[in-house]
2 protein chains.
Amino acid sequence: MPKIKTSKEEVLSKVIPMLRTRGVQNSSMSELAKACGIQKSHFYYYFNNKEELIKEVLSTVYSYFKYNLFKIIDSASLSLPEKVEKMKLLMGKIFKASDGGCIMANTALETIHLNPSYGKEIQSFFTDFIKGLQGLLEQKYDSDEALMLAEQMVQDIEGGILLTQVYNDLKYINNAVSRMEKIILN
Amino acid sequence: MPKIKTSKEEVLSKVIPMLRTRGVQNSSMSELAKACGIQKSHFYYYFNNKEELIKEVLSTVYSYFKYNLFKIIDSASLSLPEKVEKMKLLMGKIFKASDGGCIMANTALETIHLNPSYGKEIQSFFTDFIKGLQGLLEQKYDSDEALMLAEQMVQDIEGGILLTQVYNDLKYINNAVSRMEKIILN
DNA sequence: GTCTATAGATCGATAGAC
DNA sequence: GTCTATCGATCTATAGAC
């Protein structure tokens, strides 16, 4: 029997798009395992239970987002338009609308009133998202106004992700991103 | 056992807040029945299956929203500020953030990639929501710009409902509503 | 592969209104 | 005696977990 090593990272990367489209409650451990090409029992070798799996998924997404976001924002070499362009690419990766939208928003709405244990990661994600945009805006606006605008942008984008899925039409998320770009670049 | 008549409407009204907070998948027929003070089996006297129950819930919410929305928008006797004020009240009823936010958005994100049968009602809801706001805006903007602004408002509000739940802080939805008010009233 | 709990769903029975 | 609202018991499938 050849031992093919499946890494935890590999499992997580296969599980994330599944959870993003199907949601937490609608994804059974069996389905998730099958999507990874492993036995369900092997899943419990990596994760003690489903809740732990979800937590690791959320913290994986969060870490990835946070690292790349601040790499852009804090870069000394990038111009503002270049930063905006890279932000758009990053958001495109995180918010695959055709693929279920924003896993943070989806998980928040699905679980927040039932299992608060995911709340910390979700809050951190949105806090950093807002902070990142605020940072870009502070080149042209004072701190308070930058914060308010950043919050508005995140709301616009998340609402756009919702409508994009409801109507299966990318224009809503695209419009939100255009508005963001226009305000940041003046 | 005495014969106490429970109406379908009564059942729906008790089930709606439950579904709004807990979501579709997280609300079992037993729990829903218990919340109504009836046996699970009696639920199937009113609804053939869970899917039918959810459909009736969504169409109840949609009908209520649609009727009241256009009663405000199309009123000949109300001034624009009065209309905005009444809109705010209506939205407050539909989007009880402390009670789970927007059942249409929640259900959309939870089910859209799994059970498209709820899609029609959800789309109609958002279409009317946008149309209503567009109607108010057309007193001051041309039709195209009014539509774009209305879409932006809905996205801002829905994103605000999300953040309000994530942070348990009403400021996000309140800010979105303030922005809406300001733009409509100039 | 097996455990246990629970999901959605169905059935038959019963108590009263007509 | 039938019709209507209700309940308790039960079935089958599948969930998470080991």
Side-chain angles (χ1 to χ4, degrees), chain A residues 1 3-4 6 8 11-12 14-60 100 103 106-107 110-118, chain B residues 1-60 100 103 106-107 110-118:
Chain A
M1 276 292 151
K3 270 196 184 146
I4 298 164
T6 329
K8 200 183 212 182
V11 166
L12 284 170
K14 289 192 177 146
V15 148
I16 289 171
M18 189 114 182
L19 285 167
R20 181 160 44 198
T21 41
R22 304 182 53 86
V24 171
Q25 198 74 13
N26 278 301
S27 306
S28 71
M29 294 297 265
S30 326
E31 287 171 326
L32 294 172
K34 196 193 244 177
C36 297
I38 60 175
Q39 286 293 323
K40 180 168 55 160
S41 52
H42 195 52
F43 238 80
Y44 286 88
Y45 170 75
Y46 290 125
F47 314 98
N48 286 325
N49 49 48
K50 192 178 182 181
E51 183 173 318
E52 200 177 275
L53 163 65
I54 305 299
K55 277 187 190 162
E56 292 213 36
V57 162
L58 294 182
S59 87
T60 300
I103 195 174
N106 297 350
T107 307
E110 195 184 344
T111 66
I112 214 157
H113 297 278
L114 296 161
N115 190 340
S117 73
Y118 307 132
Chain B
M1 280 288 134
K3 196 175 164 176
I4 299 162
K5 198 174 170 298
T6 328
S7 75
K8 201 182 211 181
E9 290 68 41
E10 205 180 323
V11 166
L12 284 170
S13 75
K14 289 195 176 143
V15 148
I16 289 171
M18 191 114 181
L19 286 168
R20 180 162 44 198
T21 41
R22 303 182 53 86
V24 170
Q25 200 73 13
N26 278 300
S27 305
S28 72
M29 293 298 265
S30 326
E31 286 171 326
L32 293 173
K34 196 192 246 178
C36 297
I38 61 176
Q39 284 294 323
K40 176 169 58 163
S41 53
H42 192 47
F43 239 85
Y44 287 88
Y45 174 75
Y46 291 122
F47 314 99
N48 286 325
N49 49 49
K50 193 177 183 181
E51 183 174 318
E52 200 177 275
L53 163 66
I54 305 300
K55 278 188 190 165
E56 291 212 35
V57 162
L58 294 182
S59 87
T60 300
I103 195 175
N106 297 349
T107 308
E110 194 184 345
T111 67
I112 215 156
H113 297 278
L114 297 161
N115 190 341
S117 73
Y118 307 132

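All chains are named by letter (A, B, ...) in the order of the sequence lines, taking the proteins before the strands, and each is independently numbered beginning at 1.
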Are there any protein N/O atoms within less than 3.5 Å of an N/O atom in nucleotides 7-13 of chain C, and if so, which ones and at what distance?
| residue | atom | partner | partner atom | Å |
| --- | --- | --- | --- | --- |
| C/dG8 | OP1 | B/Lys50 | NZ | 2.6 |
| C/dG8 | OP2 | B/Met29 | N | 2.6 |
| C/dG8 | N7 | B/Lys40 | NZ | 3.1 |
| C/dA9 | OP2 | B/Tyr44 | OH | 3.1 |
| C/dA9 | OP2 | B/Lys50 | N | 2.8 |
| C/dA9 | N6 | B/Lys40 | NZ | 3.0 |

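Taking the six-membered ring for Trp and thresholds of 30 and 60 degrees, A/His42 and A/Tyr45 have nearly parallel ring planes, at less than 30 degrees apart.
Partners of B/Lys34 according to the salt bridge (Lys or Arg N to Asp or Glu O under 4.0 Å) rule, which considers only residues two or more places apart in sequence or in another chain, do not exist here.
Annotation: B/Glu31, atom CD; neighbour count of heavy atoms from other residues, nucleotides and ligands within 6.0 Å is above 12.
A heavy-atom distance below 4.5 Å is found between the side chains of B/Leu53 and B/Leu12.
Summarising the geometry, the separation between CG on B/Asn26 and C1' on D/dA15 is reported as 13 Å, rounded to the nearest angstrom. B/Ile38 has its CD1 atom 12 Å from the P atom of D/dG8, to the nearest Å.
Among the heavy atoms of the strands, none lies under 4.0 Å from B/Phe43.
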- Task: Please assess B/Leu32 against B/Phe47 for the test side-chain contact (heavy atoms from CB on, under 4.5 Å), listing each intermediate value before the final yes or no.
- Result: CA-CA 12 Å; B/Leu32 293 173; B/Phe47 314 99; over 6 Å; no
